[in-house]
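Because only heavy atoms are used, hydrogens play no part in the values below, and waters and symmetry mates are left out as well, while side chains stay in. Chain identifiers are assigned alphabetically (A, B, ...) following the order of the sequence lines, protein sequences preceding nucleic acid strands; residue numbering begins at 1 within each chain.
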Number of protein chains: 2
Amino acid sequence: MEFTDKQIHILETAEKLFADKGFEGTSVREIAKETNMNLAAISYHFGSKEKLMEAIFNYRINNTWFAVKSLVSGKGISPVKKIELLIDSVIDKISEKECFHRIMVRQQILAKDDLVSRLITESRVRNIQLLNEIVQEGQDQKLFKKKVDTPLLIITMIGTIYQMMNTQDFYRQANKLESLEDAAFQVHIRRVLKIHLKTLFKTILTNEA
Amino acid sequence: MEFTDKQIHILETAEKLFADKGFEGTSVREIAKETNMNLAAISYHFGSKEKLMEAIFNYRINNTWFAVKSLVSGKGISPVKKIELLIDSVIDKISEKECFHRIMVRQQILAKDDLVSRLITESRVRNIQLLNEIVQEGQDQKLFKKKVDTPLLIITMIGTIYQMMNTQDFYRQANKLESLEDAAFQVHIRRVLKIHLKTLFKTILTNEA
DNA sequence: AAAAATAATTCAAACGTTTGTTTTAATTCA
DNA sequence: TGAATTAAAACAAACGTTTGAATTATTTTT
């Protein structure tokens, strides 16, 4: 799936608009205006609004996990360390593509069965397999509990990250962090989330507590 | 805010449609057809589609926390027990109003500042205050850690519940629970979530681990 | 290297639908 | 009778998409 510079410009502009106003809430005319292109250009380059959405998913959802996978399947790294690397990586990846993930959250709630929904499911399966590998390794080394609900673990991880992403203004206010610069606050959130999730995972995976 | 039976019928029908297809993805004509009412009836009873959405929020978002509040502010109950009661209650309340919460999740992601957004924020403030009370009590009794990020705790709680709600088919498949009846699976999810979140909260709040 | 031919892209305009809402008359209920 | 509700029809505006001519880029031919 290759895209030209112009197409990528449309993709990323549409991504921002879809994230802010929703798919149905964004008109093709808005996308055209925001990209300084003609209305017909979107149909010309992508065929339809629906296909543009699919293109965004093809553009974003690939290659997300390959870097993590190589990190994680490396020998000589303890399962605990691998979990930590995974958490760091997931948080960074999601933060980098915040708009896309906002779209994905909204999309996964809808009762649809289209290409986009299938792409989301495939992505989830990959995540499960990845975490399962690490958990299995930890169990083999008697470091982790025997019974671990891996899907539930992922649900807490992704759910916490997404909820933070979607309510970050509220978190900022509740913790009186309004004085922080935007960028500094983003860094702060990531750090807090990473520490938090690592603690949680250790509790669930090891036999402590 | 009082509603007639007919209005409630419209509210609940629209709620289901908004949850399944999104606000912009649902037409007023669809709501009319689904309720077996005339198109103009929606405008007549609520004024506009936007106001109908606001009415759904007014209908649902109230009274959600009053029952919890009375449970929680009771004397003679340990802070740990109160946390458990809170978790049980939140999970049950959200499960009861799944459609509404699906709408709320989608709504809170949008970059809007309307009445609905303000209602969501107010609801969050109430939740924080409630949990803060319990945490404070636990800290006074030297049961909980001194430093607790209450907002982060709520984010994990709500985030986990929402993520489970939105990906429950996936969870079911990943844990090979397809043989369970729908109702039994719902019960299963709730039980698992309750145990899971209680464990997490105890870890974060107490000085273990 | 210049010219001609072909392909790719941009543009304004218009297409037919669907949208949320309003109107006006008919009907129901108190 | 008079107010509340329902019904069918119409409204203008916005929607996604298509059209066909104009323009630009690329390739082919001379």
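Residues that satisfy the side-chain contact (heavy atoms from CB on, under 4.5 Å) test with B/Gln173, not counting sequence neighbours, are B/Glu178. Listed by chain and number, the residues in a side-chain hydrogen bond (donor to acceptor under 3.5 Å, both in side chains) with B/Arg124 are B/Gln108 (sequence neighbours excluded). With sequence neighbours excluded, the residues satisfying ring-ring contact (aromatic ring centres under 6.0 Å, His included) with B/Phe100 are B/Phe57. Taking the side-chain contact (heavy atoms from CB on, under 4.5 Å) definition, one finds that B/Glu122 meets it with B/Leu119, B/Arg126, sequence neighbours left out.
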How is the base pairing of DNA chain C summarised as a dot-bracket string, given the Watson-Crick and G-U wobble criteria with both distances under 3.5 Å, [ ] for crossing and | for another strand?
|||||||||||||||||||.||||||||||
Under 3.5 Å, which donor-acceptor pairs do the side chains of residues 9-19 of chain A form with other protein atoms, sequence neighbours left out?
{"from": "A/Glu12", "atom 1": "OE2", "to": "A/Tyr59", "atom 2": "OH", "distance (Å)": "2.8"}
{"from": "A/Thr13", "atom 1": "OG1", "to": "A/His9", "atom 2": "O", "distance (Å)": "2.7"}
{"from": "A/Glu15", "atom 1": "OE1", "to": "A/Arg60", "atom 2": "NE", "distance (Å)": "3.4"}
{"from": "A/Glu15", "atom 1": "OE1", "to": "A/Arg60", "atom 2": "NH2", "distance (Å)": "2.9"}
{"from": "A/Glu15", "atom 1": "OE2", "to": "A/Arg60", "atom 2": "NE", "distance (Å)": "2.7"}
{"from": "A/Lys16", "atom 1": "NZ", "to": "A/Asp20", "atom 2": "OD1", "distance (Å)": "3.3"}
{"from": "A/Lys16", "atom 1": "NZ", "to": "A/Asp20", "atom 2": "OD2", "distance (Å)": "2.4"}

Output a table of donor-acceptor pairs, distance under 3.5 Å, between side-chain atoms of residues 186-193 of chain B and any protein atom two or more places apart or on a different chain; print 'none' if there are none.
{"from": "B/Gln186", "atom 1": "NE2", "to": "B/Gln168", "atom 2": "OE1", "distance (Å)": "2.7"}
{"from": "B/His188", "atom 1": "ND1", "to": "B/Arg191", "atom 2": "NH2", "distance (Å)": "3.4"}
{"from": "B/Arg190", "atom 1": "NH1", "to": "B/Asp92", "atom 2": "OD1", "distance (Å)": "3.3"}

Exercise answer: donor-acceptor pairs, residues 33-42 of chain A side-chain atoms, under 3.5 Å, sequence neighbours excluded:
{"from": "A/Thr35", "atom 1": "OG1", "to": "A/Ile31", "atom 2": "O", "distance (Å)": "2.8"}
{"from": "A/Thr35", "atom 1": "OG1", "to": "A/Ala32", "atom 2": "O", "distance (Å)": "3.0"}
{"from": "A/Asn38", "atom 1": "OD1", "to": "A/Ala40", "atom 2": "N", "distance (Å)": "2.9"}

Under 4.0 Å protein heavy-atom contacts per nucleotide of nucleotides 8-24 of chain C, with B for base, S for backbone only and - for none:
SBBBB-B----BBBBB-
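Sorted by first then second residue, the salt bridge (Lys or Arg N to Asp or Glu O under 4.0 Å) pairs that include residues 35-48 of chain A, not counting sequence neighbours, number zero. Listed by first and then second residue, the ring pair (Phe, Tyr, Trp, His ring centres under 6.0 Å) pairs involving residues 154-183 of chain B are B/His101-B/Tyr162 (not counting sequence neighbours).
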Show me the protein contacts with nucleotides 21-26 of chain D, counting only N or O atoms at under 3.5 Å.
none

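Residues B/His196 and B/Thr160 have side chains that never bring a donor and an acceptor to within less than 3.5 angstrom of each other.
Distance, B/Asp5 CG to C/dC29 P: 15 Å, rounded to whole Å.
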